[in-house]
2 protein chains.
Amino acid sequence: MSQMQNVERQLREMILGLEIGPGEKLTERWIEGRFGASRTPVRAALLRLETEGLVGRDGRGWTVSPINLAELEQIAVYREAVEVAAVRLTCMHAESSAIDVIEAMLDSCDDNTPREEWHRVGMDFHIELARLSGNEFLFRAVRDAMTRLSRARWLEVRDEAALGRAWAEHRAILAAARLGDADEAARLLSTHIVGSRDRLVTSLANDRRGLRARGFAVVAA
Amino acid sequence: MSQMQNVERQLREMILGLEIGPGEKLTERWIEGRFGASRTPVRAALLRLETEGLVGRDGRGWTVSPINLAELEQIAVYREAVEVAAVRLTCMHAESSAIDVIEAMLDSCDDNTPREEWHRVGMDFHIELARLSGNEFLFRAVRDAMTRLSRARWLEVRDEAALGRAWAEHRAILAAARLGDADEAARLLSTHIVGSRDRLVTSLANDRRGLRARGFAVVAA
DNA sequence: GATACCGTTTTGGGATACCAAACTGGTATC
DNA sequence: GATACCAGTTTGGTATCCCAAAACGGTATC
């Protein structure tokens, strides 16, 4: 694999994994040294990550994008629009076997699954469901939105009950999709997204002080 | 302005203005010479334009993205989802004065307005309407989708009647939005987008042979 | 005439050198 | 003690070099 893709992937992982905190300054030279690449692939990676919203410009330099509560709310609205459109398409033509694959993803999580895995599967559920729509643009929109939400969801304080409720909602959405009931799937998905947005923003707003103490820039709604 | 932004802007204009045809090969060295910049800003511009979908990779090199009829159809579905969501938000809270500004844009076109201007205003209508939603993500989604549609719309054969009908539909959408009638605005917008997609794809499919003769790569649906 | 082969050229990926602007730390001044 | 100022350093933007791989072109072979 080329250095460019390598730097991009590793840097993205460090940002999404919060190894580099939201709001931290980045210098091209630091990245260069950290990954043993020269500035050319580093710059390519930064340009790509900028379009993903993971890094941004801060005057002349680069900054890991802060967690922005107002932005999270807007993303949720965006997500709702594209995910609902996608699931409606899916209801029209998706095969039951494709839905089984997604359901199996949910099944793969149980009591002794690490928290990190629950997190990943919870995102992939939405991404894979959007992929079934067959519309590349809806799919990419959902994938990119989930990427932007990823760090915030990682910081969210979620109890067992909330996690179980989310899984139940996921299953209900799949059930409606399997029946081809577009209106019901859309309604359930919409409710799910709004609810999860509210919990997310509330949790982060409550934790804002603690998060800042950990060095994470969190800007209010 | 920096060379980087300069190269990006000029190259984008050449592509959108069809001065470089869909499907044409690009070499970094040609761009370098054409705009008098070195390869570093050229590569940055190409990376940006790649995420906009205007250029793509072809093996190891770069290619101006072909007109892809299947893609145009998918973009229309995507547009419909985000634009409808945006106009619904707009109906909730937009001020009449903001709508007046958009209506004035439409008014600015008359019989002796150059075709190029009609084209631009027709796109800006949708972009500015989305901006009124106040949601940055919906706005960017609409703007990017319109950018991707731009070249195809430019190649579309449109008669006076179709253009007049589109303008009437634009006005009707604004009227509904001004009244805050979200359902009606959404219905009108949705119909407008579907209709304009059908005319666009039909026109290009009919002209496909002629367009290819002009050196434009047009891939079928 | 078609085709397989091989040397040349071109091209994108990467590394590095240079510069001007921004930043930093310390000092002198009030 | 606060502040204005200046030299030194850092940093992103740009230009340029190098390289391996791919594209190209000519030639020999069948």
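Proteins come first, then strands; the chains are lettered A, B, ... in the order of their sequence lines, and each starts at number 1.
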Task: Euclidean distance, atom CD of residue B/Glu8 to atom C1' of D/dT14 [Å, nearest integer] - done: 16 Å
Open item on the list: Let's see if you can work this out: which of C/dA15, C/dG13, D/dG12 has an atom nearest to the side-chain heavy atoms of A/Arg60?
Closed with: D/dG12
Task: A/Gly59 vs A/Ala37, nearer the 5' end of DNA chain C by closest nucleotide - done: A/Ala37
Open item on the list: In this structure, how many angstroms lie between the P atom of C/dT11 and the NZ atom of B/Lys25, rounded?
Closed with: 12 Å
TODO: Would you please name every residue forming a ring-ring contact (aromatic ring centres under 6.0 Å, His included) with A/Trp62, sequence neighbours left out?
DONE: none
Task: Atom-to-atom span, CG of A/Asp58 to C1' of D/dG12 - whole angstrom - done: 12 Å
Open item on the list: Rounded to whole Å, please give me the gap between CZ in A/Arg29 and P in D/dG13.
Closed with: 11 Å
TODO: Using both distances under 3.5 Å as the test, list the Watson-Crick or G-U wobble partner of C/dA22, or none.
DONE: D/dT9
TODO: Before accepting this row, confirm whether a basic side-chain N of the pair B/Glu156/B/Arg153 lies closer than 4.0 Å to the acidic partner's carboxylate O.
DONE: no
TODO: Drop me the distance from B/Ile67's CD1 to B/Arg212's CZ, to the nearest 0.5 angstrom.
DONE: 11.5 Å
Task: Length of the line joining A/Glu28:CD and C/dA15:C1', which is rounded to integer Å - done: 14 Å
Open item on the list: Using a heavy-atom cut-off of 4.0 Å across all strands, would you classify B/Thr40 as base, sugar-phosphate, or nothing?
Closed with: base
- [ ] Take the protein atom CG of B/Leu46 and the nucleotide atom P of C/dG12, then report the distance between them rounded to whole Å.
- [x] 9 Å
Task: Distance, rounded to the nearest Å, where A/Leu26 contributes CG and D/dT11 contributes P - done: 12 Å
Open item on the list: Please pick, from D/dT14, D/dG13, C/dG12, the nucleotide with the shortest atom-to-atom distance to any side-chain atom of B/Thr27.
Closed with: C/dG12
Open item on the list: Tell me the interatomic distance from A/Arg39, atom CZ, to D/dA15, atom P, rounded to whole angstroms.
Closed with: 13 Å
Open item on the list: C/dA15, OP1 or OP2 - any side-chain N/O from A/Ser38 closer than 4.0 Å?
Closed with: yes
Task: Beyond-backbone contact of B/Thr63 with B/Arg57, side-chain heavy atoms, under 4.5 angstrom - done: no
Open item on the list: Is there a side-chain contact between A/Glu50 and B/Arg48 in this structure, where contact means two heavy atoms from C-beta onward sitting under 4.5 Å apart?
Closed with: yes
